[in-house]
Chemist: 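A single structure is presented below for examination.
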Amino acid sequence: MGYCFTLMCELETQALLPLKLLGSVFFFSVMGCVLLFVVFRWEEERYTDGSKWRFLEHKGPVFAPPYEPLPDKVKFYYDGKPMKLSAPAEEVTTFFSKMLDHEYTTKDIFRKNFFKDWRKEMTSEEKSKITDLNKCNFSEMSEYFKTQSEARKQMSKEEKQKIKEENERLLQEYGFCIMDNHKERIGNFRIEPPGLFRGRGDHPKMGMLKRRIRPEDIIINCSKDSKQPKPPPGTKWKEVRHDNKVTWLASWTENIQGSIKYIMLNPSSRIKGEKDWQKYETARRLKKCVDRIRTQYRDDWKSKEMRIRQRAVALYFIDKLALRAGNEKEEGETADTVGCCSLRVEHIKLYPKMDDQEYVVEFDFLGKDSIRYYNKIPVEKRVFKNLQLFLENKQPEDDLFDRLNTSILNKHLQELMDGLTAKVFRTYNASITLQQQLKELTCPDDSVPAKILSYNRANRAVAILCNHQRAPPKTFEKSMQNLQTKIDEKQNQLSAARKQLKAAKADRKASRDEKSKKTVEVKRKAVQRIEEQLMKLQVQATDREENKQIALGTSKLNYLDPRISVAWCKKFGIPIEKIYNKTQREKFAWAIDMAEKDYEF
DNA sequence: TACCGGACTTGCTTGAAAACCT
DNA sequence: AGGTTTTCAAGCAAGTCCGGTA
């Protein structure tokens, strides 16, 4: 398997790789076989010594364009009077005025954080004058930006073309690197521009100034024997290092949370693809021992030790409900969200009886990205009793699992299976659900669109399991209505066509000539065609309605073993393009090449 | 064993491009 | 062709997990 994968990548990238980039490394066009052999061999080495590459060359990041001061006619007013700001202070106001239409500029925390950081950019004179955000009037600036973006939309074709070409040039120059013998696409070669931090959910740092990143902030990573990227004229990199134990090309420290940001390769790259493949192989290993693990944690529900019971109940949730591990977070630094191990008493409610069910647990908490998780599920009596025990003598804000954290849990999992961590359960349960749902929902005799609906439904089952949500699109209602109108029209068309068919049949009966016979055939075909069109529209409507608040993308990209989908396509004669778009096909190239129609996750 | 920095994956939103009408 | 709707990819925030250190 590993061998196949390496071969495939090599062959693919080879085709893309201009000869000059290879330099003296290999004459692959005549020595292809030798190259493949060599690559395979370092593949083996890589895994044993932990290094990620031998050769790495790139051009460094692209920086955000410098600030362009506003034209003099666009004024900022303080307390009703126009006031010219220094460039640094002015730049910050442009960030704010561009966001004026958003609700969060009205939020207290946002305004407070913004004002505090803005003041840091002011001259002492400005600082003494501008003391109250409510006396600031940004409306002219806001209008100006609206006009500008309007103008951008109205640009002529030539102007748009020019911008496109410039972007393409940047992509060609900075968007690729050479890692070992591959020319690889870089994921994010542009440095994030300065702006106001938003954050998700109720974030205590919303509105803070995300500062501009300069070359002096950037650490470059590349190999010693590569051509080092040049910093922009008159500047220096913070550091240039040669660490082949990591995969990133450049990094910097971001000023809001103090965390490190990286420039890394695109998902289509060898290094990411291999890691992805490995992830699914770990999940498949879990499949082999999940029964044993389940038996064990059920057993642990009876343990004498509290910590073991907590661990076992938490693992049960992670397995059954696909909850995330739930690391501890620093209070006050981020939005208050939780995962399994960090659940608090206030996040669950126990109902010994609810309607016709026994031992129901109601979950209600904010998870990753402050997405609400709400679920009511009946659990086994032992779990329920344990939960009652865990809740005893606790306040709402106390931890449900006070004897557990992700580190303890993962250490335990590691003992159960090599490489097992909490998130493997999500991958495993997502992929196995897809496989099983596809088996259940696909009818071999269905049309292609109907089969794709089945696929989407299987995908949706996973997205629901993993709680992948989205804000309903702003135009959802309208687009639903449009579709309904189309369906109604099609239905009218269909009844008209049916009438015509009936008439044609009557005519045939009466005249019994060749011509009328033909007409019947033509009309029959027409009815059939319209029926198909109608069916397609109805399928589309169903699919869309069911998908209103559910996001399929995350599971498709991160949790579903792509080989399951590839095999399904092969088995039912669905073109892979119907399931994966171009980017997705690039990301999953390894799977598309590897999986046959009988692949089993 | 608590804590923290570091590296890498996962997640939702949004702006731009493509596809689809009329 | 031009406008509208849909799809895609970029953007960037927020998780997981690991390993080193106090």
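Residue numbers start from 1 in every chain, and the chains themselves are labelled A, B, ... in the order their sequence lines are given, proteins ahead of strands. All heavy atoms count here, side chains included; hydrogens, waters and symmetry mates do not. Values in this document were obtained by computation on a predicted structure and should not be read as measured data.
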Chemist: Report the distance from atom CD1 of A:I263 to atom C1' of B:dA7, rounded to the nearest whole Å.
Modeler: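 Rounding to the nearest Å, CD1 of A:I263 and C1' of B:dA7 are 15 Å apart.
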Chemist: In this structure, how many angstroms lie between the P atom of C:dG11 and the CG atom of A:L196, rounded?
Modeler: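 These atoms are roughly 18 Å apart.
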Chemist: Specify the separation, in whole Å, of atom NZ of A:K368 and atom C1' of B:dC12.
Modeler: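 Those two atoms, NZ and C1', are 9 Å apart.
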Chemist: What contact category does A:R324 fall into here, base, sugar-phosphate, or nothing, at under 4.0 angstrom with non-hydrogen atoms?
Modeler: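 If one applies the 4.0 Å heavy-atom cut-off, A:R324 turns out to touch the sugar-phosphate alone, with no base involved.
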Chemist: Base, sugar-phosphate alone, or nothing: which one does A:N327 contact when heavy atoms must sit under 4.0 Å apart?
Modeler: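 Contact class for A:N327: base.
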Chemist: Please check if any side-chain donor atom of A:N188 sits under 3.5 Å from a side-chain acceptor atom of A:Y262, or the reverse.
Modeler: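 Per modelled atom types, A:N188 and A:Y262 side chains form no pair under 3.5 Å.
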Chemist: Under a 3.5 Å threshold, yes or no: a donor from one side chain and an acceptor from the other, between A:H203 and A:R198?
Modeler: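 There is no such pair between these side chains.
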Chemist: Sub-3.5 Å donor-acceptor pair from the side chain of A:Q414 to the main-chain atoms of A:T421, do we have one?
Modeler: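 The answer is no, because no donor-acceptor pair under 3.5 Å joins these two groups.
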Chemist: Check whether any side-chain nitrogen or oxygen of A:S259 sits under 4.0 Å from OP1 or OP2 of B:dG6, and answer yes or no.
Modeler: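 Checking B:dG6 against A:S259, no side-chain N or O comes under 4.0 Å of OP1 or OP2.
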Chemist: Calculate the interatomic distance between A:K329 atom NZ and C:dT16 atom C1'; express it in whole Å.
Modeler: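 Going from NZ in A:K329 over to C1' in C:dT16 covers 12 Å.
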Chemist: Regarding A:G326, tell me which of base, sugar-phosphate or nothing describes its non-hydrogen contacts under 4.0 Å with the strands shown.
Modeler: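 The answer is sugar-phosphate, as A:G326 gets under 4.0 Å only of primed atoms, P, OP1 or OP2.
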Chemist: Ignoring backbone atoms, establish whether A:K478 has a side-chain N or O less than 4.0 Å from OP1 or OP2 of C:dT5.
Modeler: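 Yes, because at least one side-chain N or O of A:K478 sits under 4.0 Å from OP1 or OP2 of C:dT5.
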Chemist: Give a yes/no answer on whether the side chain of A:H468 brings an N or O atom under 4.0 Å of OP1 or OP2 in B:dG11.
Modeler: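 For A:H468, the contact criterion (side-chain N or O under 4.0 Å from OP1 or OP2 of B:dG11) is met.
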Chemist: Base, sugar-phosphate, or nothing: which does A:T247 touch, judged by heavy atoms less than 4.0 Å apart?
Modeler: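 The answer is sugar-phosphate, as A:T247 gets under 4.0 Å only of primed atoms, P, OP1 or OP2.
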Chemist: Check whether any side-chain nitrogen or oxygen of A:K474 sits under 4.0 Å from OP1 or OP2 of B:dT13, and answer yes or no.
Modeler: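 Answer no for this pair, as no side-chain N or O of A:K474 is under 4.0 Å from OP1 or OP2.
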Chemist: Remember a base hit wins even if backbone is also touched, and classify A:K486 as base, sugar-phosphate or nothing at under 4.0 Å, heavy atoms.
Modeler: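 Answer is sugar-phosphate: A:K486 comes under 4.0 Å of backbone atoms only.
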Chemist: Distance check needed: C:dG11 P versus A:I213 CD1, whole Å only.
Modeler: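 Nearest whole value for this atom pair: 15 Å.
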Chemist: Can you check the A:N558 CG to C:dT16 P distance for me, whole Å?
Modeler: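 Distance check: A:N558 CG to C:dT16 P gives 14 Å.
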Chemist: Under 4.0 Å, heavy atoms only, any strand: does A:P267 hit a base, just the sugar-phosphate, or nothing?
Modeler: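 Here A:P267 touches no strand at all.
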Chemist: Regarding A:Y262, tell me which of base, sugar-phosphate or nothing describes its non-hydrogen contacts under 4.0 Å with the strands shown.
Modeler: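 Here A:Y262 touches the bases of the nucleic acid.
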Chemist: Judged by each residue's nearest nucleotide on DNA chain C, which is more toward the 5′ side, A:G367 or A:N266?
Modeler: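 So the residue in question is A:N266.
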Chemist: Give A:R190 one of three labels, base, sugar-phosphate or nothing, depending on what nucleic acid heavy atoms sit under 4.0 Å from its own.
Modeler: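 Sugar-phosphate: the residue A:R190, judged by heavy atoms under 4.0 Å, touches backbone atoms but no base.
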Chemist: What nucleic acid atoms does A:A335 come within less than 4.0 Å of, heavy atoms only: base, sugar-phosphate, or nothing?
Modeler: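 No contact at all - A:A335 keeps every heavy atom at 4.0 Å or more from the nucleic acid.
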Chemist: Given 3.5 Å as the limit, does a donor-acceptor pair link the side chain of A:E254 with the main chain of A:I260, or not?
Modeler: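 Checking the backbone N and O of A:I260 against the side chain of A:E254, no donor-acceptor pair under 3.5 Å is found.
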Chemist: Would you please indicate yes or no on a ring centroid separation below 6.0 angstrom for A:F363 and A:Y374?
Modeler: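 Distance test on ring centres: not under 6.0 Å, no.
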Chemist: For residues A:F189 and A:Y174, establish whether the separation of their ring centroids is below 6.0 Å.
Modeler: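 Centroid distance A:F189-A:Y174: not below 6.0 Å, so no.
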Chemist: Any side-chain N or O of A:T421 below 4.0 angstrom from OP1/OP2 of C:dC17?
Modeler: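 Yes, such a contact exists.
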Chemist: Please give, in whole Å, the distance from C:dT5 P to A:L483 CG?
Modeler: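 These atoms are roughly 13 Å apart.
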Chemist: For A:C340 and for A:Q584, locate the closest nucleotide of DNA chain C by heavy-atom distance; then report the residue assigned to the nucleotide nearer the 5' terminus.
Modeler: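 Residue closer to the 5' terminus by nearest nucleotide: A:Q584.
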Chemist: Would you say A:Y559 places a side-chain N or O within less than 4.0 Å of OP1 or OP2 belonging to B:dT9?
Modeler: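 For A:Y559, the contact criterion (side-chain N or O under 4.0 Å from OP1 or OP2 of B:dT9) is not met.
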Chemist: Going by distance alone, is a donor N or O of one side chain under 3.5 Å from an acceptor N or O of the other, for A:Q484 and A:D488?
Modeler: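 On atom types as modelled, these side chains qualify, holding a pair under 3.5 Å.
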Chemist: Measure from CZ on A:F476 to C1' on B:dT14 and round the result to the nearest Å.
Modeler: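 Going from CZ in A:F476 over to C1' in B:dT14 covers 19 Å.
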Chemist: Check this one for me: any side-chain N or O of A:K279 less than 4.0 Å away from OP1 or OP2 of B:dC8?
Modeler: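 A:K279 to B:dC8 OP1/OP2: no side-chain N or O under 4.0 Å.
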Chemist: Assign A:R185 to base, sugar-phosphate, or nothing according to its heavy-atom contacts below 4.0 angstrom with the strands shown.
Modeler: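 Result for A:R185 = sugar-phosphate.
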Chemist: For A:R544 and C:dT5, is the shortest distance between a side-chain N/O and OP1 or OP2 below 4.0 Å?
Modeler: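 No, because none of the side-chain N or O atoms of A:R544 sits under 4.0 Å from OP1 or OP2 of C:dT5.
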